[in-house]
Amino acid sequence: MDAQFAIAGRDFVISVTDKSVVNSILKMKKNQDKTCQLSPHTFMSVSGEPGDTSNFSEYIQGNVKLYSVRNSQDLSPSETANFIRGELADALRSRSPSHVNLLVAGYDKGTGEAALYWIDYLSAMAKVPFASHGYCGYFLYAVMDREYTPDITLDGAKALVKKCFEALKTRFIIDFADYTIKVVDRDGTRELRQDEL
């Protein structure tokens, strides 16, 4: 029952994830940050089985950091997403696959463009302008498809996130209490509060 979605503009990505950890009908935690900082300009949001999400996130974070230390440079968002996809594909063919769905958001300082990658637990990957994982996608794809434009500004994306919250509140049976909202752009990654939208 995760809610995870993101919107990419030309030079930014805004990502939203709920903070609750649920197993069946039990809410185990209500303040979990489901994002993982990979570099100053790249992060991923993770949903899926609670154990898999934390193990896979730590594994990816450690390997991306190791690459940065060994090579004195950070991976670009595209390189990071392809590395993650490869690791998921390898795990899928092993005896211990990871049931995780990811949104990788980043800003490439070399090209000056932002990128958003949708990756599912079967290691399918696509570069997309907006994306969602979880049941919330049934409601949010319609809103994002109708309101999104390729030249969307950060303020326009914030307004679109508000519309997505309204759609979830109105139509979705589960009321998520709180969300982690992060933005990545040329200045790096920062977290926003809901009242800053």
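Computed from heavy atoms alone, side chains included, the values below leave out hydrogens, waters and symmetry copies. In this chain, numbering begins with 1 at the start of the sequence shown.
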For this session: Could you please spell out the steps behind the side-chain hydrogen bond (donor to acceptor under 3.5 Å, both in side chains) verdict for Thr189 and Gln37?
Result: CA-CA 8 Å; Thr189 304; Gln37 192 72 34; 3.1 Å; yes

[X] with [Y], same ILVMFWY side-chain cluster at under 4.5 Å:
{"X": "Phe43", "Y": "Ile7", "answer": "yes"}
{"X": "Tyr117", "Y": "Leu103", "answer": "no"}
{"X": "Phe83", "Y": "Val104", "answer": "yes"}
{"X": "Phe12", "Y": "Val184", "answer": "yes"}
{"X": "Trp118", "Y": "Leu116", "answer": "yes"}

Do [X] and [Y] have side chains that get closer than 4.5 Å, going by heavy atoms?
{"X": "Glu87", "Y": "Ile60", "answer": "yes"}
{"X": "Asp145", "Y": "Phe130", "answer": "yes"}
{"X": "Phe172", "Y": "Tyr138", "answer": "no"}
{"X": "Val100", "Y": "Glu49", "answer": "no"}
{"X": "Leu88", "Y": "Leu102", "answer": "yes"}
{"X": "Val46", "Y": "Asn101", "answer": "no"}
{"X": "Ile181", "Y": "Gln194", "answer": "yes"}
{"X": "Asp52", "Y": "Pro50", "answer": "no"}

Side chains of [X] and [Y] only: does a donor on one sit below 3.5 Å from an acceptor on the other?
{"X": "Thr42", "Y": "Ser39", "answer": "yes"}
{"X": "Asp155", "Y": "Thr153", "answer": "no"}
{"X": "Ser20", "Y": "Lys30", "answer": "no"}
{"X": "Thr17", "Y": "Gln4", "answer": "no"}

For the [atom1] atom of [X] and the [atom2] atom of [Y], what is their distance to the nearest 0.5 Å?
{"X": "Asp185", "Y": "Asp11", "atom1": "CG", "atom2": "CG", "result": "7.0 Å"}
{"X": "Ser123", "Y": "Ile119", "atom1": "OG", "atom2": "CD1", "result": "9.0 Å"}
{"X": "Leu75", "Y": "Asn63", "atom1": "CG", "atom2": "CG", "result": "10.0 Å"}

If I compare all heavy atoms of [X] with all of [Y], which pair ends up nearest, and what's the gap?
{"X": "Ala6", "Y": "Val13", "result": "CB-CG1, 4.4 Å"}
{"X": "Ser47", "Y": "Thr53", "result": "C-CG2, 3.6 Å"}
{"X": "Ser15", "Y": "Ser45", "result": "OG-OG, 3.9 Å"}
{"X": "Tyr141", "Y": "Ser132", "result": "OH-N, 3.0 Å"}
{"X": "Ala8", "Y": "Ile152", "result": "O-CG2, 4.0 Å"}
{"X": "Ala157", "Y": "Ile14", "result": "CB-CG2, 3.9 Å"}

Under 3.5 Å, side chain of [X] to main-chain N/O of [Y], donor-acceptor pair present?
{"X": "Asp108", "Y": "Gly112", "answer": "no"}
{"X": "Glu79", "Y": "Ser76", "answer": "yes"}
{"X": "Lys162", "Y": "Leu197", "answer": "yes"}
{"X": "Thr170", "Y": "Ala167", "answer": "no"}
{"X": "His133", "Y": "Ala3", "answer": "no"}

Identify whether the distance between the nearest side-chain nitrogen and carboxylate oxygen of [X] and [Y] falls below 4.0 Å.
{"X": "Lys163", "Y": "Glu147", "answer": "yes"}
{"X": "Arg193", "Y": "Glu196", "answer": "yes"}
{"X": "Lys34", "Y": "Asp2", "answer": "yes"}
{"X": "Asp74", "Y": "Lys65", "answer": "no"}

For this session: Please confirm whether Tyr179 and Phe165 have ring centers closer than 6.0 angstrom.
Result: yes

